[in-house]
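What follows is one structure encoded as structure tokens, with my remarks underneath.
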Amino acid sequence: MAKDFSTREENYSKWYNDIVQRAGLAESSAVRGCMVIKPYGYAIWEKMQAALDTMFKDTGHSNAYFPLFIPKSFFSKEADHVEGFAKECAVVTHYRLKNDPEGKGIVVDDNARLEEELVVRPTSETIIWDTYRHWVQSYRDLPILVNQWANVVRWEMRTRMFLRTSEFLWQEGHTAHATEQEAMEETYQMLDVYADFAENHMAIPVLKGVKSENERFAGAVETFCIEALMQDGKALQAGTSHFLGQNFAKAFDVKFADKQGGLEYVWATSWGVSTRLVGALIMAHSDDHGLVLPPRLAPIQVVIVPIYKNDEQYEKVRSKAKEIKDRLRKQGVRVKLDDRDTHKPGWKFNEYEFKGVPVRLAIGPRDVENGTVELARRDTLSKEIVSMDELNQTIETLLVTIQDALYQRALSFREENTRKADSWDEFKRILDDKGGFILAHWDGTAETEQKIKDETRATIRCIPFEDGSEEKGSCIYSGKPSKRRVVFARAY
RNA sequence: CGGGGUGUAGCGUAGCCCGGUUAGCGCGCCUGCUUUGGGAGCAGGAGGUCGCAAGUUCGAAUCUUGCCACCCCGACCA
């Protein structure tokens with residue numbers, strides 16, 4: 001049967017959507033710009049949540065929950081913040097419906113207008129800082145290290161499954177500190193947590209760095225980010241950690257009595273990652289056979305497919321398969337035995353390839369005789385016959401090997417697609433021919449960055465922490481002196 | 001909000017330019033038998049307001065007008 005994944009060279013967009021659909025991750029909903037996350041897609045998100053949540057707890061954070069609705073007036077308290085989000089807010093203006101007097105169904109009841117409109121949170125800084133005002137009086141109340149798992153709404157003009165939807169799931173950490181230094185350390189620490197998660201769980205290498213002024217979070221003093229490179233050569237911001245200074249403390253009047261008896265404004269950070277990470281996972285590892293999941297995040301790490309010709313064989317093979325399943329489960333491997341009789345083995349092989357299950361274990365009458373099984377790797381699509389006796393060890397090793405191989409593959413891809421550009425022509429040529437990350441000199445001004453964006457759609461993804469040691473040069477666009485190279489790319 | 005495109009069965013599509021039987025095909029679905037180590041085969045079956053509305057015509061999936069929805073490329077953005 002022909003597989004009609006279109007080649008990625010022709011249309012990455014279609015390739016991506018096909019994977020989302022055929023792996024059963026999500027589908028578009030009746031509501032414009034929103035998606036339904038299906039059970040398998042949600043299971044991946046749950047794995048991410050579990051790993052991240054543990055990392056947050058290990059760094060001293062606790063979870064809490066704040067309201068979905070934010071009074072409109074809260075937004076106007078921080079000037080940059082309101083400007084950044086004003087254009088994409090969903091606003092609740094009424095609280096009641098009624099039957100249309102002219103019999104045309106249900107209409108909004110104009111008599112039920114809210115005195116103050118409520119904004120559906122696009123992010124929660126304002127309502128959280130309004131709350132923190134009551135929580136903080138003394139330096140003894142600090143720090144506050146709180147995280148929230150929630151949904152947010154940003155009324156985007158154009159959407160894409162997982163990568164940009166009108167509503168999305170995320171976590172947002174909001175911390176309050178007594179000193180600038182402590183807040184800054186928190187900002188860096190959480191960026192490191194994100195980079196650790198991206199590289200060691202998602203198997204996606206990321207660049208850590210600071211955002212330029214143009215790309216900075218609305219209301220932040222400094223925005224740090226991790227940037228990943230997708231297989232189509234576009235960059236994806238995979239996580240952000242913001243140093244908010246005293247901006248929100250001042251806007252919401254959050255002060256504390258310090259040890260010396262003075263009254264000081266609190267220092268703040270916020271940081272977040274979203275279901276966009278599921279999109280990153282898809283774009284980073286998938287191939288023309290479908291999704292490829294790193295073992296650490298795969299809801300199913302090993303799928304067992306029994307093969308048989310008749311009832312007698314079925315019983316033998318299935319009891320052996322069950323035995324293997326129990327053994328692996330006992331060892332902590334997430335294993336599924338697919339003993340459905342409604343689909344043939346070949347069908348199942350393809351299905352689990354779409355779904356990106358890292359290891360497939362096939363067992364048939366021949367294997368039962370020989371004391372072997374067939375193991376197939378999703379990342380390389382290679383197969384080998386292994387002994388049943390050492391299976392637990394073999395699989396444990398294999399899962400680690402696959403996790404590592406995926407990271408190495410993604411890292412090689414990024415290295416092959418990171419290029420230096422030393423002239424404006426070269427810069428434009430690389431962008432159009434190959435994409436990827438481009439290291440180039442920049443004069444440090446917002447005007448130049450904007451002009452480059454207008455002409456090429458490329459933006460500064462970050463000013464990376466590493467690789468700053470290079471010789472000085474001149475700006476690729478303006479020719480003015482530049483102290484260091486920064487990372488440009490077209491981005492999602 | 002600009003530029004382009006598409007709406008025909010659950011999904012993918014042919015037919016439209018040049019109006020004319022009962023709208024065709026593939027996948028999927030249902031039934032039966034044979035099958036099961038890479039998307040099974042054969043036989044039979046169910047499933048359609050041709051996006052919506054109006055117009056032209058003896059006759060509209062096909063022509064005209066209006067509307068709606070979705071997709072792609074931009075602007076906006078995680």
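Values below: every heavy atom of this structure, side chains too, minus hydrogens, waters and symmetry copies. Given the structure is predicted, the values throughout are model-derived calculations rather than measurements. Every chain is numbered from 1 and lettered A, B, ... according to where its sequence line falls, protein lines coming before strand lines.
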- Hey, does the side chain of A:W129 reach the backbone of A:Y132 with a donor-acceptor pair shorter than 3.5 angstrom?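 It does not hold such a pair.
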- Query: Does the A:Q148 side chain pair with the main chain of A:F66, one donor and one acceptor, at a distance under 3.5 Å?
  - Reply: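 The answer is yes, because a donor-acceptor pair under 3.5 Å joins these two groups.
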Touch class at under 4.0 angstrom, heavy-atom based, for [X] against every strand present:
X      : answer
A:L163 : base
A:Y314 : nothing
A:R360 : base
A:K383 : base
A:T123 : nothing
A:S13  : sugar-phosphate
A:Q237 : sugar-phosphate

From [atom1] of [X] over to [atom2] of [N], roughly how many Å is that when rounded to an integer?
X      : N      : atom1 : atom2 : result
A:M35  : B:rC70 : CE    : P     : 17 Å
A:D454 : B:rG74 : CG    : C1'   : 12 Å
A:D18  : B:rG12 : CG    : P     : 11 Å
A:Y492 : B:rC76 : OH    : P     : 18 Å
A:R340 : B:rA40 : CZ    : P     : 13 Å
A:M161 : B:rC70 : CE    : P     : 13 Å
A:E27  : B:rC70 : CD    : C1'   : 15 Å
A:K348 : B:rG39 : NZ    : P     : 14 Å

Mind checking whether [X] and [Y] have parallel, tilted or perpendicular rings, split at 30° and 60°?
X      : Y      : answer
A:F74  : A:F252 : perpendicular
A:H343 : A:W347 : parallel
A:Y314 : A:Y308 : perpendicular

Give me the distance, rounded to whole Å, that separates [N] from [M] when you measure between the [atom1] atoms they each carry.
N      : M      : atom1 : answer
B:rG41 : B:rU36 : P     : 13 Å
B:rG48 : B:rC25 : P     : 16 Å
B:rG38 : B:rG24 : C1'   : 32 Å
B:rG10 : B:rG55 : P     : 29 Å
B:rC16 : B:rA23 : C1'   : 12 Å
B:rU35 : B:rA40 : C1'   : 7 Å
B:rC42 : B:rU49 : P     : 30 Å
B:rG20 : B:rG32 : C1'   : 41 Å

Please produce a list of atom pairs where a protein N or O lies less than 3.5 Å from an N or O of nucleotides 28-37 of chain B.
residue : atom : partner : partner atom : Å
B:rU36  : O2'  : A:Y308  : O            : 2.6
B:rG37  : O6   : A:G364  : O            : 3.4
B:rG37  : O6   : A:P365  : N            : 3.3
B:rG37  : O6   : A:R366  : N            : 2.8
B:rG37  : O6   : A:D367  : N            : 3.3
B:rG37  : N1   : A:D367  : OD2          : 2.5
B:rG37  : N2   : A:D367  : OD2          : 3.1

Sort out the partner of [N] for me: Watson-Crick or G-U wobble, both distances under 3.5 Å, none otherwise.
N      : answer
B:rU21 : none
B:rU62 : none
B:rG48 : none
B:rG28 : none
B:rC70 : B:rG5
B:rU56 : none

- Query: Are any of the side-chain nitrogens in A:R457 or A:D432 under 4.0 Å away from the carboxylate oxygens of its partner?
  - Reply: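 Salt bridge: no.
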- Query: So, A:E369 and A:K316, do they make that salt bridge, N to O below 4.0 Å?
  - Reply: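 Judged by the 4.0 Å cut-off on N to carboxylate O distance, A:E369 and A:K316 do not form a salt bridge.
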- Item | Reported OH-to-CD distance for the pair A:Y477 and A:Q450, which is rounded to 0.5 angstrom |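 So the gap between those two atoms works out to 10.5 Å.
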- Query: For RNA chain B, whose closest nucleotide is more 5', that of A:R457 or that of A:A218?
  - Reply: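 Nearest nucleotide further toward 5': that of A:R457.
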- Message: What verdict does the side chain to side chain contact (heavy atoms under 4.5 Å, CB included) test give for A:R296 and A:K47, after you've listed the backbone C-alpha separation in whole Å, the side-chain angles of each residue and the deciding distance to 0.1 Å?
- Response: CA-CA 8 Å; A:R296 292 188 78 175; A:K47 286 281 165 270; over 6 Å; no
- Item | N/O donor-acceptor pair, side chain A:E351 with base B:rG39, under 3.5 angstrom |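 Such a pair does not exist between side chain and base.
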- Which nucleotide in the set B:rG39, B:rA75, B:rC72 lies at the smallest distance from any side-chain heavy atom of A:M157?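 Closest of the options to the side chain of A:M157: B:rA75.
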- Query: Applying the salt bridge (charged side-chain N to carboxylate O under 4.0 Å, His left out) test to A:E351, which of A:R22, A:K344, A:R340 qualifies?
  - Reply: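 Filter result, single survivor: A:R340.
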